[in-house]
Amino acid sequence: MRTPPLDKEYLEALDFYRLFLQLITELHTKAKFQMTWYRGQSRNWPLIPGILRYPDGDKTGAEAGILNSFKRLASAQMTRPLSSREWYYLAQHHGLPTRLLDWTANPRIALWFAIKKDDGQDGFIYIIDSAYYRRDDILNSLTLIENDYYETVFGNGSFDETIKKWDGKIKAVFPDCYNARQIRQTSMFTLHLPGESPEKITPRDLILSKDGIENASLKWDEIFLEKNHPISIQIPQAYKLPLRRLLSIEGLHLWDVFPDLDHIATGLKEEIFGTNPAVSPPANNKTK
């Protein structure tokens with residue numbers, strides 16, 4: 001039997017994936033990136049953590065209020081006392097807005113997040129050298145800064161006294177792993193500390209096309225001569241579905257990223273029947 005030809009978009013997506021892997025390889029071999037982290041977004045949002053995406057106001061007060069409420073309501077479900085650091089990570093894990101921004105050390109996980117939804121929008125992968133956000137810090141001092149902030153959030157310090165000390169810096173954080181999801185996703189964080197002049201992550205755009213890897217102002221070889229600037233890679237919306245098929249063929253599924261029974265069921269349903277069933281069930285969810 002003759003094998004049907006692959007469609008044009010799938011072949012272009014394969015070229016894109018090949019160039020993406022080439023970029024990752026060269027970041028680790030030619031560039032000076034020491035600790036490369038990746039973030040995938042299904043559309044182009046600013047690289048800021050959840051609490052900073054809300055309208056103007058007292059971000060530190062709002063964060064402290066919601067996290068202390070979370071701690072009060074969730075404490076009865078804990079099997080042991082948690083440190084402020086553990087409470088902060090737990091709140092982030094369950095979707096509360098904090099000053100942590102999620103990253104991964106696995107480029108395929110970042111790609112998965114960039115293409116998993118919003119098929120009508122281009123996806124984006126952002127790449128940083130996390131060593132830059134640990135500059136001038138030894139491990140112990142960085143841990144003290146991090147813990148100092150968490151203790152303050154949970155009422156064991158004063159924002160007014162310490163906000164100048166934090167100075168709006170961004171710190172790369174290696175979190176303790178408390179669950180299988182963090183391990184599967186090789187989770188990392190940047191902690192965006194409060195301050196009068198907050199530091200920002202402003203990536204430089206790279207274009208991955210069939211003609212190679214391009215930059216509007218720099219040639220490929222020149223990129224590696226520059227300071228390790230954050231990088232942004234745009235994924236055309238037409239490539240999202242073919243790339244999902246490709247990652248599935250390679251063995252990366254929804255349940256690999258979110259290892260629980262609900263996501264196993266959801267992932268199997270989406271891969272077999274698609275995300276949009278042709279006929280929606282009746283409102284009462286009963287068949288005739």
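One-based numbering along the sequence shown.
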Flag, side chain of [X] to backbone of [Y], donor-acceptor distance under 3.5 Å:
X	Y	value
Thr104	Gln185	yes
Arg53	Ile48	yes
Asn68	Val153	yes
Asp129	Met35	yes
Arg99	Ile51	no
Glu199	Gly168	no
Ser248	Arg244	no

For Arg184, side chain to side chain contact (heavy atoms under 4.5 Å, CB included) partners two or more places apart
Asp256, Pro259
Using a 6.0 Å distance limit plus a 45 degree cone around the ring axis, check whether Lys71 lies over the aromatic ring of Phe154.
yes
Apply side chain to side chain contact (heavy atoms under 4.5 Å, CB included) to Ile109 and Leu252, showing your working.
CA-CA 8 Å; Ile109 292 291; Leu252 185 60; 4.2 Å; yes
What pair of heavy atoms forms the shortest contact from [X] to [Y], and how long is it?
X	Y	answer
Arg43	Phe124	C-CD1, 3.8 Å
Leu47	His192	O-CE1, 3.8 Å
Trp87	Ser75	CZ2-OG, 3.6 Å
Ala238	Pro242	O-CD, 3.3 Å
Ala105	Tyr38	O-CE1, 3.8 Å
Pro97	Gly50	CB-C, 3.7 Å

Is there a path from [X] to [Y] through hydrophobic residues (I, L, V, M, F, W, Y) whose side chains come within less than 4.5 Å of each other?
X	Y	result
Leu241	Ile233	no
Phe113	Leu21	yes
Phe16	Ile249	yes
Ile66	Leu52	no

Enter the distance from [X]:[atom1] to [Y]:[atom2] here, rounded to the nearest 0.5 Å.
X	Y	atom1	atom2	value
Leu67	Thr98	CG	OG1	7.0 Å
Ile201	Thr190	CD1	OG1	4.5 Å
Leu19	Leu14	CG	CG	11.0 Å
Ser232	Ile128	OG	CD1	13.0 Å

Salt bridge between [X] and [Y], side-chain N to carboxylate O under 4.0 Å?
X	Y	result
Lys171	Glu146	no
Glu86	Arg80	yes
Lys240	Asp119	no
Glu250	Arg108	yes
Lys8	Glu12	yes

Are [X] and [Y] side-chain neighbours, meaning at least one heavy-atom pair lies under 4.5 Å?
X	Y	value
Ile115	Leu111	yes
Val257	His263	no
Leu268	Ile264	yes
Tyr126	Ile231	no
Ile127	Ile125	yes
Ser84	Tyr149	no

Measure centre to centre between the rings of Phe189 and Tyr89, then say whether the value is under 6.0 Å.
yes
Please confirm whether Tyr133 and Trp103 have ring centers closer than 6.0 angstrom.
no
Given Met188 and Val173, is the side chain to side chain contact (heavy atoms under 4.5 Å, CB included) satisfied, shown in steps?
CA-CA 6 Å; Met188 305 294 176; Val173 174; over 6 Å; no
Assess the residue pair Glu151 and Tyr88 against the criterion (side-chain hydrogen bond (donor to acceptor under 3.5 Å, both in side chains)); give the C-alpha distance rounded to whole Å, side-chain angles, the decisive distance to 0.1 Å, and a yes or no.
CA-CA 10 Å; Glu151 290 293 335; Tyr88 201 87; over 6 Å; no
Regarding [X] and [Y], is there a side-chain donor-to-acceptor distance under 3.5 Å anywhere?
X	Y	result
Asn44	Gln121	no
His93	Gln182	no
Gln41	Arg39	yes
Tyr17	Gln22	no

Can you tell me which residue among Leu100, Leu101, Ile170 is in a side chain to side chain contact (heavy atoms under 4.5 Å, CB included) with Leu191?
Leu100
Criterion side chain to side chain contact (heavy atoms under 4.5 Å, CB included) on Asp262 and Trp255, from CA distance to verdict
CA-CA 9 Å; Asp262 286 341; Trp255 57 86; over 6 Å; no
Output, in order, the C-alpha distance, side-chain angles, deciding distance and verdict of side chain to side chain contact (heavy atoms under 4.5 Å, CB included) for Leu90 and Phe70.
CA-CA 10 Å; Leu90 189 66; Phe70 174 74; 4.2 Å; yes
Counting heavy atoms not belonging to Leu261, are there more than 12 under 6.0 Å from its CG?
no
